[in-house]
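Worth saying up front: this structure is predicted, and the values here are computed from it rather than measured. Every chain is numbered from 1 and lettered A, B, ... according to where its sequence line falls, protein lines coming before strand lines. Note: hydrogens, waters and symmetry copies are ignored here, and every other heavy atom, side chains too, is used.
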Number of protein chains: 2
Amino acid sequence: MKQSNLCPKFEKAVTLLSQRWTALVIYQMLEAPQRFGEIQAAIGISGKVLSDRLKDMEQEGLIKRDVYPETPVVIEYSLTEKGRSLETVLRDIENWSQDWIEVDQQSNTGS
Amino acid sequence: MKQSNLCPKFEKAVTLLSQRWTALVIYQMLEAPQRFGEIQAAIGISGKVLSDRLKDMEQEGLIKRDVYPETPVVIEYSLTEKGRSLETVLRDIENWSQDWIEVDQQSNTGS
DNA sequence: TATTAAAAGTTACTTTATGTAACTAAGTTT
DNA sequence: AAACTTAGTTACATAAAGTAACTTTTAATA
């Protein structure tokens, strides 16, 4: 027994955005098109999960994958219009976080 | 090796919102304070996970839990100011979903 | 020419999160 | 006393995410 009263479009949007890492990947690509390794380094995601997410997001039409047959080959991910249209959502979350989130300073200063 | 360049507040906000069900629970409570069983029925979440989420969200200060010692006892969950301040985010997602999400009509009409 | 180096993934395996269904506890109605 | 309701909890099964080592391709280096 699993069923809701919710609007299916809204439900799907929420499901999309609550996939772990998806929002951060989009946020990262708002700045510029990015390569696999750049995204990995920027948000601290494993290769395996990033690979999965990029496939999902491409499938959903949020991003596109371009191959530049340079040497060595460059593969670049960038937002589609649909992906970019999430910018307002991400900016809202950004603003909200500044107003409402407390970060517990886990001071990690060795030596 | 897991570390990012991101603003910790933003990162925490995203982590919060990408917990499965959290956004839907808040969305549901935007309408009115709700009881456990109402939330369950409205969004189709299991008792176990709803219980976990409500605890997390209370911990984060997004919701509060009120006990009315009526008979039988009524336990009501409602948004705090912090929780309610997520309304803009949720409304943005709602609007975005209407503009950009396609729902594949899996017609389920028996008989 | 063999060796070492990226970049972009993939694979096998472990850990964590989520889902399911049955069960509990307190008070209530029959 | 037996059955019902609400608000959960428990034990167990499945799915998603994390880790680290490995593969492939092309190139620059020794």
Side-chain angles (χ1 to χ4, degrees), chain A residues 1-4 6 11-12 14-29 32-60 62-78, chain B residues 1-6 11-12 14-29 32-60 62-79:
Chain A
M1 181 153 297
K2 152 180 268 191
Q3 207 185 180
S4 77
L6 297 161
E11 204 171 356
K12 189 172 171 190
V14 168
T15 299
L16 248 166
L17 290 171
S18 58
Q19 280 260 63
R20 209 173 318 202
W21 298 110
T22 299
L24 287 182
V25 171
I26 293 170
Y27 181 78
Q28 193 56 29
M29 300 197 335
Q34 313 251 326
R35 300 174 65 174
F36 193 95
E38 293 178 303
I39 301 172
Q40 244 189 310
I43 68 179
I45 186 180
S46 74
K48 178 204 165 195
V49 178
L50 179 54
S51 177
D52 289 351
R53 279 305 166 278
L54 291 171
K55 281 175 197 154
D56 297 345
M57 293 169 75
E58 198 183 355
Q59 193 67 35
E60 286 294 336
L62 294 170
I63 64 174
K64 68 185 202 305
R65 177 179 188 274
D66 291 306
V67 179
Y68 298 99
E70 296 170 15
T71 184
V73 70
V74 169
I75 294 171
E76 198 174 71
Y77 295 93
S78 55
Chain B
M1 180 154 295
K2 153 180 268 196
Q3 206 184 179
S4 78
N5 296 331
L6 297 162
E11 205 171 356
K12 189 171 171 190
V14 169
T15 298
L16 248 166
L17 289 171
S18 57
Q19 281 258 65
R20 209 171 319 202
W21 299 107
T22 298
L24 287 183
V25 171
I26 293 171
Y27 181 78
Q28 192 57 29
M29 300 197 335
Q34 313 250 327
R35 300 173 66 174
F36 194 94
E38 291 177 304
I39 301 172
Q40 245 189 310
I43 68 180
I45 186 179
S46 73
K48 178 203 165 196
V49 179
L50 178 53
S51 176
D52 288 352
R53 279 305 166 279
L54 291 172
K55 280 175 198 155
D56 297 346
M57 294 168 74
E58 198 183 354
Q59 193 68 32
E60 286 295 335
L62 295 170
I63 64 174
K64 67 185 203 307
R65 178 178 188 275
D66 292 305
V67 179
Y68 297 99
E70 296 169 16
T71 184
V73 70
V74 168
I75 294 171
E76 199 174 68
Y77 294 93
S78 55
L79 295 172

- line: To the nearest angstrom, the CD-P distance between A:Gln19 and D:dA16 comes to 8 Å

- prompt: Can you tell me if the side-chain N/O atoms of B:Trp21 get under 4.0 Å from OP1 or OP2 in C:dA17?
  reply: no

message: For D:dG8 and B:Tyr77 - does any side-chain N or O of the residue sit under 4.0 Å from the phosphate oxygens OP1/OP2?
response: yes

query: Quick one: A:Gln40 CD to D:dA17 P, roughly how many Å, whole number?
result: 16 Å

task: Could you tell me which non-hydrogen atom of B:Gly47 sits nearest to which non-hydrogen atom of B:Gln40, and how far apart they are?
output: N-NE2, 3.2 Å

field: Side-chain heavy atoms of B:Ile75 within contact of B:Phe36, under 4.5 Å
entry: no

message: Can you measure A:Leu54 atom CG to D:dA17 atom P for me and round it to whole angstrom units?
response: 13 Å

statement: Between OH of B:Tyr68 and C1' of D:dT6 the distance, given in whole Å, is 16 Å

Any protein N or O atoms within reach of nucleotides 23-27 of chain D? Criterion: under 3.5 Å, listing atom names and distances.
from: D:dT26; atom 1: O3'; to: A:Thr71; atom 2: OG1; distance (Å): 3.3
from: D:dA27; atom 1: OP1; to: A:Thr71; atom 2: OG1; distance (Å): 2.5

message: If you only use heavy atoms from C-beta on, which nucleotide in D:dA17, C:dT10, D:dA7 is closest to the side chain of A:Val49?
response: D:dA17

query: Rounded to the nearest 0.5 Å, how far apart are NZ of B:Lys64 and CD of B:Glu76?
result: 8.0 Å

Under 3.5 Å, which protein N or O atoms sit close to an N or O of nucleotides 10-13 of chain D? Give each pair with its distance.
none

query: Rounded to whole angstrom units, what separation is found between the CZ atom of A:Phe36 and the C1' atom of C:dT10?
result: 10 Å

- prompt: Out of C:dG9, D:dT19, D:dA17, which has the shortest distance to the side chain of A:Arg53?
  reply: D:dA17

- request: For A:Glu76 and C:dG9, give me the distance from atom CD to atom P, rounded to whole Å.
  value: 13 Å

A:Arg65: partners by side chain to side chain donor-acceptor pair (under 3.5 Å), with sequence neighbours left out: A:Tyr77

- request: Can you establish whether the number of heavy atoms outside A:Glu70 located under 6.0 Å from its atom CD is more than 12?
  value: yes

- prompt: Has A:Arg35 got a side-chain N or O lying under 4.0 Å from the OP1 or OP2 atom of C:dA7?
  reply: no

query: When the distance from CG of B:Leu50 to P of D:dA7 is rounded to whole Å, what number comes out?
result: 10 Å

message: Taking the side chain as everything from C-beta on, heavy atoms only, tell me whether A:Leu16 gets closer than 4.5 Å to A:Met57.
response: no

message: With a 4.0 Å cutoff (strictly under), does any side-chain N or O of B:Ser46 reach OP1 or OP2 of C:dT20?
response: no

